[in-house]
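First the proteins, then the strands, lettered A, B, ... as listed; each starts at 1. Just so it is clear, the structure is predicted and the values come from calculations on it, not from any experiment.
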Number of protein chains: 2
Amino acid sequence: MSFNLSEKNLERIQEHVLHKREEALLNEVNEMHPADIADLLDRLDLDEARYLHSLLDGEVAAEVINELPEDRREDLLEDFSAKEIAEEVIEQLDSDDAADVIAELPEDVQQEVLANIDDSELKSEITELLSYDENTAGGLMAKELVKVNVGASMLDCVRELREHADDIEHVYVINVVDDHGKLVGTIPLKKLITTSLRTPVKDVYDPDAITVKADMDKEEVSRIMAKYDLPVVPVVDDRGRLVGRITIDDVVDVMREEETEDVQKMGGMEALEYSYSNSSLWEMVKKRAGWLVILLIGEGFTATAMSYFEDEIAKAVVLALFVPMIISSGGNTGSQASSLICRALAVGDVTTKEWWRIVKRETSVGLTLGIVLGVVGFLRVAIYAQFTSLYGPHWVPIGLAIGFSLLGVVLWGNLIGSSFPLLLKRVGMDPAVSSAPFVATVVDITGLVIYFTIASLFLAGILL
Amino acid sequence: MSFNLSEKNLERIQEHVLHKREEALLNEVNEMHPADIADLLDRLDLDEARYLHSLLDGEVAAEVINELPEDRREDLLEDFSAKEIAEEVIEQLDSDDAADVIAELPEDVQQEVLANIDDSELKSEITELLSYDENTAGGLMAKELVKVNVGASMLDCVRELREHADDIEHVYVINVVDDHGKLVGTIPLKKLITTSLRTPVKDVYDPDAITVKADMDKEEVSRIMAKYDLPVVPVVDDRGRLVGRITIDDVVDVMREEETEDVQKMGGMEALEYSYSNSSLWEMVKKRAGWLVILLIGEGFTATAMSYFEDEIAKAVVLALFVPMIISSGGNTGSQASSLICRALAVGDVTTKEWWRIVKRETSVGLTLGIVLGVVGFLRVAIYAQFTSLYGPHWVPIGLAIGFSLLGVVLWGNLIGSSFPLLLKRVGMDPAVSSAPFVATVVDITGLVIYFTIASLFLAGILL
C-alpha cells in the first residue's frame with residue numbers, strides 16, 4: 001500500500017477521469033484509503049473531483065467528504081441539496097465527524113441539513129455536540145460508546161458490544177455507569193476475553209479511570225491523553241455523568257493543527273485557516289500583510305529613535321555602521337527566549353505562576369550570553385582595526401562601546417523575549433503571538449537607545 | 001483525580017518526606033498515576049526523591065523510573081547496581097520502554113545491565129530493539145504483540161490473547177501471520193466478541209492492514225498513523241515479516257518532542273536535550289550562545305556592507321535612520337516564509353519536488369507584500385515630512401527611495417525565506433535550522449546593498 005499519492009498515479013488517474021473510464025477508476029479507488037482518495041480529489045480540478053466523487057459509494061463517499069480539506073469540501077458540497085448532505089454524508093458518519101462537517105457549513109445550510117436528518121437519535125446527538133465550544137472536550141468528543149450498568153455482568157458487556165460493534169470503529173474500553181448515568185469506571189476490552197462471562201461487572205471494572213470534563217480546553221485534553229498514554233478518555237459533565245468519549249486519533253489531529261498555528265504565529269503572521277498548499281495567494285497575503293505592516297510601522301520608530309542621535313551619527317558615521325549588528329543581536333536573543341518560553345508553556349512544562357523563577361533565570365542566562373557576545377563584538381572591532389583604517393586611532397573606545405552595547409542589548413532582548421509570552425498568557429492571550437519578529441521589533445527600538453547612550457559615554461570627547 | 005501537581009500538595013508531601021512519614025506518603029502515592037509520581041520526584045531534591053522512590057513497590061517503581069526525565073533518571077539510577085537495574089527496572093517494563101531506558105544509560109553500564117537480565121527472551125528482544133536506529137520505526141516499536149497463524153481459528157485467538165493479556169497493556173488488534181512469519185493481515189479486537197469462536201481466522205482478518213517498515217523514519221510513521229487514524233501499526237522487516245508494533249501513545253510523545261525541537265531550532269538555537277525546566281543554566285547558554293555568535297559574526301558583515309556606503313551616509317545621514325526599518329522588514333517577511341515552509345514540510349503538506357511551484361507562488365506573494373509595504377513606507381515619510389523638517393525639501397525622492405527599497409527587500413526576503421528550508425531539506429539537512437534569525441541575518445546583509453543602491457538611484461544629484 002503506497003502512502004503518498006505519486007505524480008505518476010495522479011496523471012494516470014487524471015487520464016481515466018478525462019476519458020470517463022468508470023471501471024478503471026473504480027479499480028483504482030477501491031485499492032485506496034478514504035484519506036488518500038481525499039488527497040486525490042484535492043489535487044484534481046473541481047469538476048474532475050466532482051465526477052470522481054460521484055462514482056464512490058455511500059460509506060466511502062461520506063468518509064472522503066469528511067477527510068477533505070474544508071475549502072475543497074465546501075466546493076464539492078455546493079452541488080448537494082441539504083437533504084442529500086444529510087442522507088449521503090451526515091448519516092454515514094460518526095457523530096463527532098458529522099458535527100464537524102455540519103459546523104463548517106454556511107450558517108443557513110446548517111439548520112436545513114439538521115432538519116433533514118431522519119435518524120432522530122443522531123440528530124439530537126449532533127445538536128448536542130454542536131452546542132459545545134469547538135475548542136473544548138465537548139467539541140472534540142463522539143457520542144458513540146459502549147456502556148453498561150455497574151450492576152450488569154460481563155455477559156451483558158458482550159451483548160452491549162455486539163449491538164454497537166458496527167457503528168463504533170475502534171472500541172478500547174467499556175464504560176461502567178451507575179443508575180444516574182454517572183461514570184463509575186471503565187473495563188479494558190481485553191478483560192472481556194480474559195474473564196469469565198459470569199463475573200459481575202463490579203468485580204472487574206477499574207474505578208480510578210481518568211476522565212475529562214466536557215468544558216475542558218482541548219489542548220489540556222491532548223496534554224492529559226499524551227501524559228497518561230490514553231487511547232481513549234471518557235468525557236463527563238459537571239455532575240460526573242458520561243456524555244461522550246474522545247479517542248487519541250482525534251487528539252493527534254488537534255495537536256498537529258495547534259502546533260501548525262503556533263509555528264505560523266511565532267513566524268510573525270496570522271495562522272492560516274487551511275494548509276499551506278490549500279491557501280489561496282490572496283488568503284496568504286491577507287494573513288501576512290497585517291502583521292508586516294504593524295511591524296513596519298513599529299520599526300518606523302527606530303528611525304525616530306535614531307533621529308535623536310542624528311548629530312552623533314553625523315559626527316561619527318562609524319556608529320551607524322554597527323546599528324544592524326547591535327540591534328539584530330538583541331532581536332535574535334529575544335526570538336530564542338520567546339520561542340523557548342512559548343513552547344514550554346504550550347506543552348505545560350512551565351506555568352505563568354513560575355514567572356519570577358523564569359525571569360530570574362533568564363536574567364542570568366541573558367547576562368552570560370551578553371558577556372560572550374560583548375567579547376566577540378569587541379574582538380571583531382579589534383581585529384578589523386588591524387587591517388582597515390575604518391575605525392581610525394580610536395578603535396579601543398569604539399570596540400568597548402560596541403562590546404558593552406551588545407551586553408546591554410542581549411540582556412534586554414532576553415528579558416523582553418522571555419517575559420512577553422508569560423505576560424500574554426497571563427492576560428489570556430495566545431503566547432505564540434509574541435513572535436520572533438514582534439519581539440525583535442520591540443528590542444530594535446529600545447536597543448538603539450541603549451546603543452547610542454552607551455556609545456556616547458565611551459566616545460564623548462573622542463569622536464562625539 | 002487531579003492532573004497537575006499543585007504547590008500545596010507538593011509542600012504537604014515534602015513535609016511527609018522530611019519527617020519520613022512512610023504511611024502518609026504511601027497513602028499519597030497510591031492515589032497517584034506513575035506519570036504524576038515521576039513529576040513529583042522531579043520536583044523534589046535528589047535525596048528526597050531517592051527516599052520516596054525507595055518506598056514504591058516493584059511495578060510502580062519501575063514505571064516511575066521510565067516516566068522520569070532523562071537527567072533525573074540518571075541521578076536516581078546512580079544508586080542502583082547493574083543487577084538491580086536489570087531486575088527492578090528493566091524486567092518490569094515493556095520491551096520498548098526497557099530498551100529506551102537502557103539506551104539512555106552510560107555505554108559501560110548498558111552491557112552490564114543486559115548481562116544481568118535473566119529472562120532470556122526479554123534480553124534478546126531488547127538487544128534486537130537496541131540494534132535499530134532510534135529515529136526509525138524499529139527504534140520506536142515494542143515486541144509485545146498478539147499474533148496467530150492464518151490457519152488458526154478465532155478460538156485460538158482468544159487462547160493466544162489470554163496468554164499475553166497481562167504483559168500487553170493496550171491490545172487493539174490481533175496480527176495474522178503465515179507459516180514464514182510474514183504478516184498477512186490483522187483482526188480488530190472487537191471481532192473476537194462479535195464473531196463465533198469456531199470461525200476460521202482466514203474468513204475474518206483484514207488483508208489490507210496498513211504496515212510500516214522497521215527502517216522507516218519515525219516522523220513518517222507518526223504522519224501515517226495520524227493520517228489513517230491508526231491506534232496501532234504493525235512493523236515489518238524487508239521481507240514483510242512481523243517484527244513488532246507501534247502504538248499511537250508512543251507516536252504522540254514523538255510528535256511532541258519533534259515539534260519542540262523544531263520550534264527551538266526555528267527560534268535560532270540548538271534543540272535542548274531536556275525540557276526547558278530541566279535544562280541547567282549552563283546547558284541553556286551552550287545551546288544558545290553558538291548560534292548567537294554565528295549570527296553576530298554574520299551580522300558583522302552588515303557593518304562591512306554599510307562601510308561601502310560610508311560617504312553616502314556622511315552626505316545624507318537621513319539614509320542611516322531608515323536602515324533598521326528597511327532591513328527588518330525584509331527579515332520579518334523572510335521569517336514568515338521560512339516558518340510557513342518549514343511547517344508545511346514537517347507535516348508533509350509540501351515536498352521539495354514542488355520547489356518550483358512554491359518559488360513561483362512566493363514570488364507573487366512577495367511582490368504583493370512588497371507593494372503594500374512599499375506604499376506604507378512612502379506614506380510614512382510623506383506624513384512625517386509634513387510635521388518634521390527631518391527630510392528637508394527632498395522628502396519625495398527620499399520617500400520613493402524608501403518605498404522601492406522596501407519593495408525590493410520584502411520580495412528578496414520572501415524568496416530567501418521560502419527557498420532556504422527547501423534547499424536544506426533537499427541536501428538532507430533539517431529545514432528548521434533555517435530559523436527566522438538565520439534568514440533575517442542573510443536578508444539584512446543583502447538588504448542593505450539593495451537599499452543603498454536604490455537610494456543612490458533616487459537621490460543622486462539631490463542629496464548624494
Side-chain angles (χ1 to χ4, degrees), chain A residues 3 35 158 161-162 165 170-171 189-190 193-194 224 226-227 229 231 248-249 252 259-260 263 267-269 275-277 284-285 288-289 293 295-296 299-300 302-303 306-307 310 313-314 317 320-322 324-325 328-329 332 335-336 339 343-344 349-350 365 368 372-373 376 380 436-437 444, chain B residues 3 35 158 161-162 165 170-171 189-190 193-194 224 226-227 229 231 248-249 252 259-260 263 267-269 275-277 284-285 288-289 293 295-296 299-300 302-303 306-307 310 313-314 317 320-322 324-325 328-329 332 335-336 339 343-344 349-350 365 368 372-373 376 380 436-437 444:
Chain A
F3 299 114
V158 174
L161 187 63
R162 288 222 170 101
H170 299 299
V171 182
L189 201 54
K190 66 180 183 185
I193 290 124
T194 56
I224 289 168
K227 177 174 182 183
D229 295 343
I248 185 75
D249 51 295
V252 167
E259 266 135 18
T260 302
V263 169
M269 60 181 287
S275 69
Y276 173 81
S277 50
M284 197 66 76
V285 172
R288 297 178 60 179
V293 170
L295 293 170
L296 173 64
E299 279 290 337
T302 55
M306 275 178 89
S307 63
E310 216 182 345
I313 298 172
V317 172
L321 307 188
F322 290 101
M325 183 178 94
S328 67
S329 299
N332 294 338
S335 1
Q336 284 186 342
S339 324
R343 186 58 187 169
D349 175 24
V350 300
V365 174
T368 324
V372 174
L373 267 67
V376 175
R380 183 193 178 288
D444 282 355
Chain B
F3 299 114
V158 174
L161 188 62
R162 288 220 168 103
H170 299 298
V171 183
L189 202 53
K190 68 180 182 186
I193 291 127
T194 55
I224 288 169
K227 177 175 182 182
D229 294 343
I248 186 76
D249 52 292
V252 167
E259 308 290 356
T260 303
V263 169
M269 59 180 287
S275 68
Y276 173 81
S277 51
M284 198 66 77
V285 171
R288 296 178 59 178
V293 170
L295 293 169
L296 174 64
E299 279 289 337
T302 56
M306 275 180 86
S307 64
E310 218 182 345
I313 298 171
V317 173
L321 306 188
F322 290 102
M325 183 178 95
S328 67
S329 299
N332 294 338
S335 8
Q336 283 187 342
S339 323
R343 186 58 187 172
D349 174 25
V350 299
V365 174
T368 323
V372 175
L373 268 69
V376 175
R380 187 203 175 280
D444 282 356

Would you say that B/D249 contacts A/I248 through its side chain, given a criterion of any heavy-atom pair below 4.5 Å between the two side chains?
no
Taking all non-hydrogen atoms of both residues, which atom of A/L373 and which atom of B/V293 are closest, and how far apart?
CD1-CG2, 4.1 Å
Taking side-chain hydrogen bond (donor to acceptor under 3.5 Å, both in side chains) as the definition, give me every residue that meets it alongside B/S335, ordered by chain and number, with sequence neighbours left out.
none
Can you check whether B/G300's main-chain N or O pairs, donor with acceptor, with A/R380's side chain at less than 3.5 Å?
yes
A/D444 vs B/S328 side-chain heavy atoms within contact, under 4.5 Å
yes
Point-to-point distance, once rounded to the nearest 0.5 Å, from OH of B/Y276 to OG of A/S339:
12.0 Å
Can you name the residues that form a side-chain hydrogen bond (donor to acceptor under 3.5 Å, both in side chains) with B/D229, not counting sequence neighbours?
none
Between B/A35, B/S275, B/G267, who has the most heavy-atom pairs with chain A when the cutoff is under 4.5 Å?
B/G267
B/E259 side chain to A/E259 main-chain N or O, any donor-acceptor pair under 3.5 Å?
no
Can you tell if the side chain of A/L321 reaches within under 4.5 Å of the side chain of B/T302, non-hydrogen atoms only?
no
Please determine, among B/Q336, B/M325, B/E299, B/E310, the option with the most heavy-atom pairs under 4.5 Å with chain A.
B/Q336
Among B/V158, B/V317, B/T194, B/I193, who wins on heavy-atom pairs under 4.5 Å with chain A?
B/I193
Looking at B/G268, B/S277, B/S307, which makes the most heavy-atom pairs under 4.5 Å with chain A?
B/S277
Are any of the side-chain heavy atoms of A/L189 and B/V171 separated by less than 4.5 Å?
no
Approximate separation, where rounding is to 0.5 Å, of A/R288 CZ and B/N332 CG
10.5 Å
Measuring heavy-atom distances to chain B, does A/V263 have an atom under 4.5 Å in its side chain, in its backbone, in both, or in neither?
both
Where A/M306 and B/A320 come nearest, the two heavy atoms and their spacing
CE-O, 3.5 Å
Largest heavy-atom contact set with chain B, pairs under 4.5 Å, which of A/A314, A/A344, A/P231, A/A289
A/P231
Non-hydrogen atoms of chain A under 4.5 Å away: do they reach the side chain of B/V285, the backbone, both or neither?
both
Contact class of A/M284 relative to chain B, heavy atoms under 4.5 angstrom:
side chain
Test item: side-chain donor near acceptor, A/T260 and B/R343, under 3.5 Å:
yes
